[in-house]
Protein chains: 2
Amino acid sequence: MKALEPFYQQMGIREPALRQAIEKHGFVTAHVAQERLIKTGEYIKVLKILLQGRVRVFQESEDREILIYYLSQMETCTLSLSACFGDCQSTVSAIVESNQAQVLNIPVRYVTDWCHQYPSWNHFTIDTFRHSYQVLMESYSMLAFKTLNERLWEYLTNNACPSTNNVVLMSHQQIANELGTTREVVSRLLKKLEKQQRIRLGQKSIQIIYSS
Amino acid sequence: MKALEPFYQQMGIREPALRQAIEKHGFVTAHVAQERLIKTGEYIKVLKILLQGRVRVFQESEDREILIYYLSQMETCTLSLSACFGDCQSTVSAIVESNQAQVLNIPVRYVTDWCHQYPSWNHFTIDTFRHSYQVLMESYSMLAFKTLNERLWEYLTNNACPSTNNVVLMSHQQIANELGTTREVVSRLLKKLEKQQRIRLGQKSIQIIYSS
DNA sequence: ACATACCTGTGACTTTTGGCACAAGTGGTC
DNA sequence: GACCACTTGTGCCAAAAGTCACAGGTATGT
């Protein structure tokens, strides 16, 4: 499977036997935009590694949502990894954001076995946890100590695309879902930022103005 | 070191060579109440495993604090574990809550080496991450979707000691520091709960009343 | 008994966030 | 053009959380 070469590279997976095992037991699936890869409450039976595309992983509660993280090319869903080590239900949902996505699926039992057999797989596992833990920690801290206004500004600056003039292409509702709040609140805070000349608002587009 | 036997048991550490290595390179330190084990911003050079006592791990920001987790007997500080795999500064503080505490310290480089050498150590590492990740996830979700009132009630019921008539022995300030808010807010919410006959208030003590 | 430090309660007010309702704009499609 | 789904703006009000200020209680040490 040539599609896996970049993944091997990125993760430092070298052992030929491991590569063979991945190719034997893993299978690649293709998905379209908006498709749900994981639903809250579902039992997780395979580890999902995103080969191509972009996936949003979030928690939901009644009518609210909050972002946990995005998966980009060659990233692993930490939560499905976590689930592999003790079979449990998912507490999150995952949805395809890009036009299409390619996912490498690995049945759970191999995931744990390989940790013992292949150092590079083990390293990959630990590293995934470590990274995710730190990211979640940072989010937790932001949520606890920062106002929505600050979190919004941070979100915008982190997601503004420099190649398109620092624009974020999202609706207010989408942003509200990232931050765990409601549309009206986001609309109002954005309006305030616009009055302060820190952003320019358009249809589904927010341009960040860096005065510096 | 006989003090380590319960730790070995609990973590399933069997390999004699590993036990020897732990006893050779690890060292046990004793601490008193209120002592700081880790300070925010500090570089972490040893993995800390709590053999005895109780330690509070929390984040702070200006005049606020929020609980990350408690360490009890035989538990490992996940954050120091995380730090072992890529040297970085601590984003949290840890403080001894019990009268005294005993900590097993293991220099970082062994922590990573042993993962490759000893299956049970590796298992211990992954399990620690997995567990902590789930706990943090749950906290994150609570913080995002629940009101302070709900979080307070949950905190009280989780921390009420059944052996002492469901009493929580803490000041309002301490509770505020667990939940990431201020003393006055906690005082008022507690008063409201008392009026609803769900708790009884005393000096540094809150008794939960289960009407069921 | 007095000083001191900490703990609790609460009034008054502000800021932040959320919820409801409705108006108007945008962009597609049939 | 008519219809539809989605998007944005905003007035109005309510709930949740935070801030400031101060009074009085409790516990402890000298």
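Just so it is clear: chains get the letters A, B, ... in the order the sequence lines come, proteins before strands, and each one is counted from 1. Both backbone and side-chain heavy atoms feed into the values below; hydrogens, waters and symmetry mates do not.
- Cation-pi geometry between B:R54 and B:Y70 is met: the NZ or CZ atom falls under 6.0 Å from the ring centre, inside 45° of the normal.
- A donor and an acceptor atom, one from each side chain of A:S90 and A:E42, are nowhere located under 3.5 Å apart.
- Taking 3.5 Å as the limit, the base of C:dG19 and the side chain of A:R64 contain no donor-acceptor pair of atoms between them.
- By the 6.0 Å contact criterion, NE2 on A:H131 is open, its count of non-hydrogen atoms from other residues, nucleotides or ligands being 12 or less.
- For DNA chain D, the neighbouring residues in residues 198-208 of chain A, judged by any heavy atom under 4.0 Å, are A:L201, A:G202, A:Q203, A:K204.
- Side-chain contact of B:Q52 with B:Q100: a donor-acceptor pair under 3.5 Å is present, judged by distance alone.
- Rounded to 10°, the angle separating the first-five-pair axis and the last-five-pair axis of the helix from C:dA1-D:dT30 to C:dC30-D:dG1 equals 20°.
- Counting heavy atoms from C-beta on, the side chains of A:R198 and A:L193 come closer than 4.5 Å.
- Residue B:H123 places its NE2 atom among 12 or fewer non-hydrogen atoms of other residues, nucleotides or ligands, all under 6.0 Å distant.
- Ionic pairing of A:E194 and A:K191 is present here: one or more N-O contacts between side-chain nitrogen and carboxylate oxygen are shorter than 4.0 angstrom.
- Between A:I68 and A:Q59 there is a side-chain heavy-atom pair separated by less than 4.5 Å.
- Distance check: B:I38 CD1 to B:C77 SG gives 4.0 Å after rounding to the nearest 0.5 Å.
- Computed from coordinates, the B:K192 NZ to C:dG11 P distance equals 15 Å when rounded to whole Å.
- Boundaries of the chain B contact region on DNA chain D are D:dA17 to D:dT26, first to last in 5' to 3' order (nucleotide atom under 4.0 Å from a heavy atom).
- Applying the salt bridge (charged side-chain N to carboxylate O under 4.0 Å, His left out) definition to pairs two or more places apart or across chains, those involving residues 169-189 of chain A are A:R56-A:E178.
- With rounding to whole Å, A:E150 atom CD is found 16 Å from C:dT15 atom P.
- Counted within 6.0 Å of CZ on A:R109, heavy atoms from surrounding residues, nucleotides or ligands total 12 or fewer; the atom is thus considered open.
- Only B:T181, B:T182, B:E184, B:V185, listed by number, bring a heavy atom of residues 169-186 of chain B to less than 4.0 angstrom from any atom of DNA chain D.
- Listed by chain and number, the residues in a side-chain contact (heavy atoms from CB on, under 4.5 Å) with A:S205 are A:V167, A:L169 (sequence neighbours excluded).
- At a threshold of 4.5 Å between non-hydrogen side-chain atoms, the residues B:T112 and B:F85 count as touching.
- Taking atom CG on B:L189 and atom C1' on C:dT8, their separation rounds to 14 Å, with Å as the unit.
- C:dT8 atom P lies 15 Å from atom CG of B:L193, rounded to whole Å.
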